[in-house]
Amino acid sequence: MAYVSGFDPDDGRGLRGRARMHTDRQGHPTMAQAPRVRFAPSPTGYLHVGGARTALFNWLYAKQTGGVFVLRIEDTDRERSTGESTATILDGMAWLGLSWDEGPVHQADGLERHRADAARMLADGSAYRCFCTPLVLQAKRDAMKDEYRYDRTCYGVPADESARRAAAGEPFTVRFRVPGGATEWDDVVHGPTRFANESIEDFIVLRTDGTPIYNLAVVSDDIDMRITHVIRGDDHISNTPKQILLYQALGAGVPTFAHLPMILGPDGRKLSKRRNAVAVGDYAGSGILPAALVNFLALLGWNPGDEQEVMTLDELVQRFSLERINKKGAVFDTGKLEWMNGQHLARTPSADLLPLVAPLLVGAGLLTEADVDARRDWLLWLLDLTKVRARTVPEIAEQARVFLADPAGYDPEVAAKQWKDREQAASVLDAVAARLRTVQPWEPAGIEAGLREAAEAAGLGFGKVVHPLRLALTGGGASPGIDQVVALLGREVTLRRIEAAKAWLAAGA
RNA sequence: GCCGCCAUCGUCUAGGGGUCUAGGACGCCGCCCUCUCACGGCGGUAACCGGGGUUCGAAUCCCCGUGGCGGUACCA
């Protein structure tokens with residue numbers, strides 16, 4: 001074991017501050033190793049986008065460095081934790097493509113270790129039993145108002161008395177005895193950060209019922225899992241000094257901390273379930289691609305340093321760096337997310353999109369399960385045309401509708417313009433139909449050529465033919481190129497729809 | 001209240017003392033491409049929170065103020 005030059009094992013300063021040097025539980029320095037990071041959600045709801053972004057950054061860092069990504073479920077609050085919620089979170093992770101290397105481990109399973117750690121601190125004096133009841137504490141709080149901080153009454157209880165009372169069955173919590181001085185660390189995103197210890201009260205680490213409080217559980221687990229980098233939301237900044245104190249009391253090396261900026265709602269306030277769509281599942285359900293959400297989330301608080309914005313997961317892994325994370329909270333802009341999704345949609349192979357779109361089409365009664373297989377190539381072609389014009393998966397399905405079912409009617413505004421002169425419109429459609437009956441082979445180029453010939457023969461500009469035809473075929477004024485539409489629809493359907501349009505025009509409705 | 005974090009176009013952001021008359025992206029508005037829509041291309045709109053310093057020079061460094069956010073639990 002070679003010490004880093006300049007590191008004096010007898011000089012405690014060497015372990016303070018940046019805490020780059022890791023030690024095992026016995027305090028022996030260990031060689032620099034592959035990073036171990038973790039995502040530690042509490043299972044009290046679903047996976048929200050803030051958590052997803054935290055998970056993503058941890059995952060990206062692990063992937064990029066060849067490190068290990070551990071998933072830990074923080075279920076020490078047994079009242080609020082549910083298995084259902086855990087399942088939802090796991091689903092969300094899987095959907096995003098964020099696989100974990102270890103876990104999920106349940107924090108509640110570490111109960112014995114948490115207690116043992118508290119006992120160790122009790123034994124060596126870095127913690128003490130507190131016999132103050134909630135009632136007493138509340139009274140003190142009320143009396144001192146904003147000035148309140150635990151007054152260390154029970155720190156004054158002699159060790160033998162403390163042990164005697166505990167043995168006699170008197171309920172107690174375990175409080176950490178906060179030392180004097182200051183606690184600091186060099187945050188990867190915030191830089192040097194320092195808290196005066198006197199601003200921290202002697203916080204409880206073990207409840208009356210012997211279960212650990214968050215800060216103890218986290219530190220105990222992170223030590224146990226040999227976590228090297230704690231990457232989490234910056235709402236944890238003020239927990240960090242407490243946790244560092246715990247690491248030190250437990251004789252463990254302090255990991256590197258990186259605190260990520262919060263994700264805010266459009267009102268600039270913290271994202272809220274009440275006001276905003278925050279569950280990852282909401283986005284899955286509304287036709288957002290995981291790749292797009294991941295890409296978008298990655299750009300909230302981080303950027304690659306150049307102007308590329310649309311990136312695949314692999315590219316993100318390649319380019320990610322903790323150093324380029326910024327400090328300012330970021331507003332979650334759904335408009336940009338949708339744009340991002342459109343970009344990813346357009347780049348996704350249609351074969352990959354089909355499984356997402358087909359169920360919507362089947363669900364709408366436009367297709368049978370059997371059709372999905374039988375007309376696969378045709379459907380892929382359809383997706384090629386629609387995916388570049390859509391921003392969400394349901395939008396693709398919407399646009400596909402008119403290729404699977406005859407138009408339910410004709411857009412009045414478009415009709416007023418393109419079929420203004422009904423007689424002429426009918427005759428144009430007639431000419432087009434006549435020409436299309438003989439086009440051979442039935443493919444876009446030949447079809448377009450045919451339409452141009454028809455237009456020329458009628459002495460009309462191409463547009464004068466295309467627009468009335470588009471309306472007849474799709475019922476509206478916007479669609480993929482007419483050559484594609486006609487080709488995709490097929491001769492039979494095209495001619496049928498033209499006849500239907502002519503009938504509508506003749507009816508003079 | 002106390003402790004801490006943060007502060008560039010409406011939004012995401014670039015920017016590490018001069019190259020900033022502040023760059024890119026979303027949105028919006030024009031134009032081009034064109035059979036429409038979308039894509040794409042081109043152009044426009046729009047920002048350094050305020051005040052003091054430091055400096056020959058500050059978006060960049062320091063201080064104060066203001067604002068936003070987080071913590072201050074036998075929640076996580």
Side-chain angles (χ1 to χ4, degrees), chain A residues 40-44 74-77 79-81 107 130 132-134 137-138 141 145-149 171-175 187 189-190 193-196 198-201 203-215 217-218 233-242 259 261-262 264 266 268-270 296 299-310 324 326-340 342-343 346 385-391 399 414 418 448 451-452 455 461-467 469-471 474 476-483 485:
Chain A
S42 48
T44 55
E74 309 225 313
D75 51 358
T76 46
D77 184 346
E79 297 291 306
R80 298 196 296 158
S81 302
Q107 186 161 62
C130 177
C132 298
T133 64
L137 294 173
Q138 191 52 51
R141 249 191 295 271
K145 297 275 177 73
D146 289 336
E147 296 295 293
Y148 175 77
R149 186 161 304 150
F172 63 89
T173 60
V174 175
R175 271 187 199 274
D187 197 282
V189 351
H190 291 271
T193 308
R194 174 192 175 93
F195 281 76
E198 60 186 14
S199 70
I200 306 167
E201 73 168 357
F203 54 95
I204 292 173
V205 293
L206 212 59
R207 299 184 181 94
T208 309
D209 66 1
T211 59
I213 274 320
Y214 171 74
N215 282 312
V218 166
D234 67 15
D235 48 340
H236 285 290
I237 285 182
S238 41
N239 280 323
T240 305
K242 296 180 189 176
H259 286 100
M262 296 279 89
L264 282 7
R269 294 203 279 155
K270 199 175 163 187
F296 176 73
L299 259 16
L300 250 32
W302 174 84
N303 71 81
D306 60 25
E307 277 156 14
Q308 188 182 357
E309 295 205 308
V310 181
R324 289 199 64 86
N326 52 225
K327 312 181 227 199
K328 196 176 85 165
V331 173
F332 191 96
D333 178 3
T334 50
K336 187 153 184 177
L337 203 214
E338 283 179 11
W339 167 79
M340 184 68 81
Q343 294 291 317
L385 298 182
T386 49
K387 68 184 182 186
V388 296
R389 283 164 240 271
R391 293 198 152 189
Q399 290 179 25
V414 181
Q418 304 302 347
E448 176 164 346
L451 291 175
R452 285 190 188 278
F462 190 47
K464 294 285 186 214
V465 169
V466 168
H467 297 303
L469 177 57
R470 169 174 287 114
L471 178 56
T474 69
S479 80
I482 198 69
D483 54 331
V485 172

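Letters go in sequence order (proteins before strands), and every chain restarts at 1.
In this view, A:His190 satisfies the ring-ring contact (aromatic ring centres under 6.0 Å, His included) rule with no residue, not counting sequence neighbours. A:Arg207 pairs by the salt bridge (Lys or Arg N to Asp or Glu O under 4.0 Å) definition with nothing, not counting sequence neighbours. With sequence neighbours excluded, the residues satisfying side chain to side chain contact (heavy atoms under 4.5 Å, CB included) with A:Gln308 are A:Asp306, A:Met311, A:Glu315, A:Arg319. A:Val466 meets the side chain to side chain contact (heavy atoms under 4.5 Å, CB included) test with A:Phe462, A:Arg470, A:Ile482; sequence neighbours excluded. Scanning for ring-ring contact (aromatic ring centres under 6.0 Å, His included) contacts around A:Phe332 gives A:Tyr283, A:Phe296, with sequence neighbours left out. The side chain to side chain contact (heavy atoms under 4.5 Å, CB included) check on A:Gln418 picks up A:Val414, A:His467, A:Pro468, A:Leu471, with sequence neighbours excluded. With sequence neighbours excluded, the residues that form a salt bridge (Lys or Arg N to Asp or Glu O under 4.0 Å) with A:Lys336 are A:Glu309. In this structure, A:Glu338 has no salt bridge (Lys or Arg N to Asp or Glu O under 4.0 Å) partners at least two apart in sequence or on a different chain. Residues that satisfy the side chain to side chain contact (heavy atoms under 4.5 Å, CB included) test with A:Val189, not counting sequence neighbours, are A:Asp187, A:Ala258, A:Ile325, A:Lys327.
Taking the side chain of A:Arg141 as heavy atoms from C-beta on, and the options B:C37, B:C74, B:U13, the nearest nucleotide is B:C74.
Taking 4.0 angstrom as the limit, A:Asn239 places none of its side-chain polar atoms (N or O) nearer than this to OP1 or OP2 of B:G71. One finds a side-chain N or O of A:Arg207 lying less than 4.0 angstrom from the OP1 or OP2 phosphate oxygen of B:A76. Residue A:Asn326 places none of its side-chain N or O atoms closer than 4.0 Å to OP1 or OP2 of B:C6.
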Return the polar atom pairs (N/O with N/O) between nucleotides 39-42 of chain B and the protein under 3.5 Å, or none.
unit_1: B:G40; atom_1: OP1; unit_2: A:Gln343; atom_2: NE2; d: 3.3

Between protein and nucleic acid, restricted to nucleotides 44-50 of chain B and to nitrogen or oxygen atoms under 3.5 Å apart, what atom pairs and distances do you find?
none

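Atom CD in A:Glu198 sits roughly 14 Å away from atom C1' in B:G4 (whole-Å rounding).
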| Contact state string [nucleotides 59-70 of chain B, B base, S sugar-phosphate only, - no protein heavy atom under 4.0 Å] | ----------SS
